[in-house]
Protein chains: 2
Amino acid sequence: MPGPNKLRNTGCPVTFALDTFGDRWSLVIIRDMLMKGCRTYGEFLESSERIATNVLADRLQALEASGIITKSQDPENRRRVLYRLTPKGIDLAPVLLEMALWSGKHDPNTAAQKDFLDRIENDRDGLVEAFRARAMERDQTG
Amino acid sequence: MPGPNKLRNTGCPVTFALDTFGDRWSLVIIRDMLMKGCRTYGEFLESSERIATNVLADRLQALEASGIITKSQDPENRRRVLYRLTPKGIDLAPVLLEMALWSGKHDPNTAAQKDFLDRIENDRDGLVEAFRARAMERDQTG
DNA sequence: ATTATCACTTGTCTTTCACAAGTGGCTATT
DNA sequence: AATAGCCACTTGTGAAAGACAAGTGATAAT
C-alpha cells in the first residue's frame with residue numbers, strides 16, 4: 001500500500017488516482033506490463049529497477065485488489081502465475097504517456113529515446129491501441 | 001522527498017517522472033496551484049486534504065529544487081511568500097487531467113464532477129490554456 | 001512592548017522501505 | 001517414492017519516511 005491511511009476519500013479524481021497508484025513502484029510495474037509486456041513475478045524482478053521482492057508482492061496484491069491487474073495460472077506451466085492488465089489497467093496508458101512526454105521535455109537525461117517520444121505525439125492513439133492489443137493477447141482463451 | 005534513494009537514473013522517462021513527483025502529496029499541491037489557484041502556504045494547508053505542515057514545507061522545497069515551482073515575496077504583503085508554477089510545472093497539467101479522466105471513468109465516487117470531466121475531453125487544450133493563463137497571472141510584474 | 005501571523009522546525013511515534021533469508025507448493029528427474 | 005529445484009511469495013531486521021503536535025524566529029500591525 002502506497003500511503004499510510006491510503007484512501008483520502010475526498011471525491012477528488014486526482015486524489016483517488018494517487019491513492020490507487022501514486023507511489024514509487026505501482027506505475028513502474030504497470031509500465032513493465034504495458035510497454036515491455038512483462039507478465040510474471042520473475043520478469044518484474046528483472047525488469048523493474050531493483051524493486052524488493054516483498055514490495056513487488058505487495059504492489060501486485062494491491063493492484064489486483066484495485067482491479068488494475070488480474071492473476072491467473074499459466075496454461076503452459078501450471079506452477080507459474082500470469083499477471084495481466086485489466087481494461088481499467090490498460091486505461092492508465094495515457095497517464096504514463098503524458099508522464100513520458102513531460103520527462104522527455106524537461107529531463108535532458110531522457111532525450112535518448114526521442115523517437116519514442118515523437119511517436120507519442122504523432123501516433124498516440126495507435127500506440128495506446130498497440131498496448132491494448134498486446135495486453136489482451138491470449139486473454140480468456142489460453 | 002518522495003522515495004528513499006530518490007533518483008533511480010535509469011533514463012526511463014516514467015521513472016524520472018515518478019522520482020520527481022511520484023509521491024502521495026506533490027501532485028496534490030500542484031493540483032491546488034493549477035486548478036484551485038492556491039499560492040500561499042496557508043492556502044495549501046486549508047485546501048490540501050490534511051497535509052502535515054512539515055510534509056508541505058518539504059514538498060514545496062523539493063518542487064522548487066526540481067524547478068516545478070518558484071518562491072517569491074508577495075508585493076502586497078511583505079511577510080507573505082507566493083508560490084507559483086513554472087512552465088515546467090504548468091506542463092504537468094496533461095498528466096493531472098489524464099489521471100482525472102481515469103478516475104472519472106473507473107471510480108464511482110468521482111462521478112459527481114462529470115461536467116468537469118466532460119470539459120477535459122471536449123476542450124482539453126482550452127482547459128490547459130486557462131490553467132496556464134492563471135498560473136502566469138501577475139508573473140514577473142507584481 | 002504586545003500580540004498575531006506566517007513559514008517553517010523540532011520531537012515523537014508509527015508506518016513503509018530495502019535487503020536478506022526462509023517457507024510451502026508444484027514439477028521434473030531419478 | 002524420494003529428491004532436487006524453481007517459483008511466488010512471506011518473514012525478519014534496521015533504516016528511512018510518514019503523520020501529528022508543539023515550538024521557533026522573523027515580520028508586522030497595534
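Just so we're on the same page: letters track the sequence lines, and every chain starts at 1.
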(message) Return the CG to CZ distance between B:L97 and B:R124, rounded to the nearest 0.5 Å.
(response)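 If we round to the nearest 0.5 Å, B:L97:CG and B:R124:CZ are 6.0 Å apart.
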Protein-nucleotide distance ([X], atom [atom1]; [N], atom [atom2]), rounded to Å:
{"X": "B:L56", "N": "D:dC20", "atom1": "CG", "atom2": "P", "answer": "14 Å"}
{"X": "A:L60", "N": "D:dC7", "atom1": "CG", "atom2": "C1'", "answer": "13 Å"}
{"X": "B:I51", "N": "D:dA19", "atom1": "CD1", "atom2": "P", "answer": "8 Å"}
{"X": "A:R24", "N": "D:dA16", "atom1": "CZ", "atom2": "C1'", "answer": "12 Å"}
{"X": "B:E43", "N": "C:dT5", "atom1": "CD", "atom2": "P", "answer": "16 Å"}
{"X": "B:D58", "N": "C:dT10", "atom1": "CG", "atom2": "P", "answer": "13 Å"}
{"X": "B:I29", "N": "C:dA7", "atom1": "CD1", "atom2": "P", "answer": "14 Å"}
{"X": "A:Y41", "N": "D:dT10", "atom1": "OH", "atom2": "P", "answer": "8 Å"}

(request) Grab the two heavy atoms, one from B:M33 and one from B:R134, that are nearest each other, plus how far apart they are. (result)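 That closest heavy-atom pairing would be O-NH2, 4.4 Å.
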(request) Locate the shortest heavy-atom distance separating A:T86 from A:G67; write the atom from each residue and the value. (result)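 Shortest heavy-atom separation between A:T86 and A:G67 comes out as OG1-O, 2.6 Å.
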(request) Would you check if A:D32 and A:E43 make a side-chain contact, meaning some heavy-atom pair closer than 4.5 Å? (result)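 SC-SC contact between A:D32 and A:E43 ruled out.
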(message) So does B:C12 get a backbone contact from the side chain of B:T10, meaning a donor-acceptor N/O pair under 3.5 Å?
(response)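 Yes; judged by distance alone, with no hydrogens or angles, the pair exists.
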(request) Scan nucleotides 21-30 of chain D nucleotide by nucleotide, 5' to 3', and note B when protein non-hydrogen atoms come under 4.0 Å of the base, S if they reach only the sugar-phosphate, - if neither. (result) BB----BS--
(message) Between A:R59 and C:dC17, is there a contact of a side-chain N or O with OP1 or OP2 at under 4.0 Å?
(response) yes
(message) At less than 4.0 Å, is any side-chain N or O atom of A:W25 found next to OP1 or OP2 of C:dC17? Yes or no.
(response)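 Checking A:W25 against C:dC17: no side-chain N or O falls below 4.0 Å of OP1 or OP2.
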(message) According to ring pair (Phe, Tyr, Trp, His ring centres under 6.0 Å), does anything in residues 92-136 of chain A pair up with another residue at least two apart or in another chain? List the pairs.
(response)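 For residues 92-136 of chain A, and leaving out neighbouring residues, the ring pair (Phe, Tyr, Trp, His ring centres under 6.0 Å) pairs sorted by first residue read A:W102-A:H106, A:W102-B:F21.
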(request) Let me know, please, whether B:A52 or A:L82 comes out on the 5' side of the other along DNA chain D by nearest nucleotide. (result) A:L82
(request) For the pair B:R79 and B:D74, find out whether any cationic side-chain nitrogen is under 4.0 Å from an anionic carboxylate oxygen. (result) no
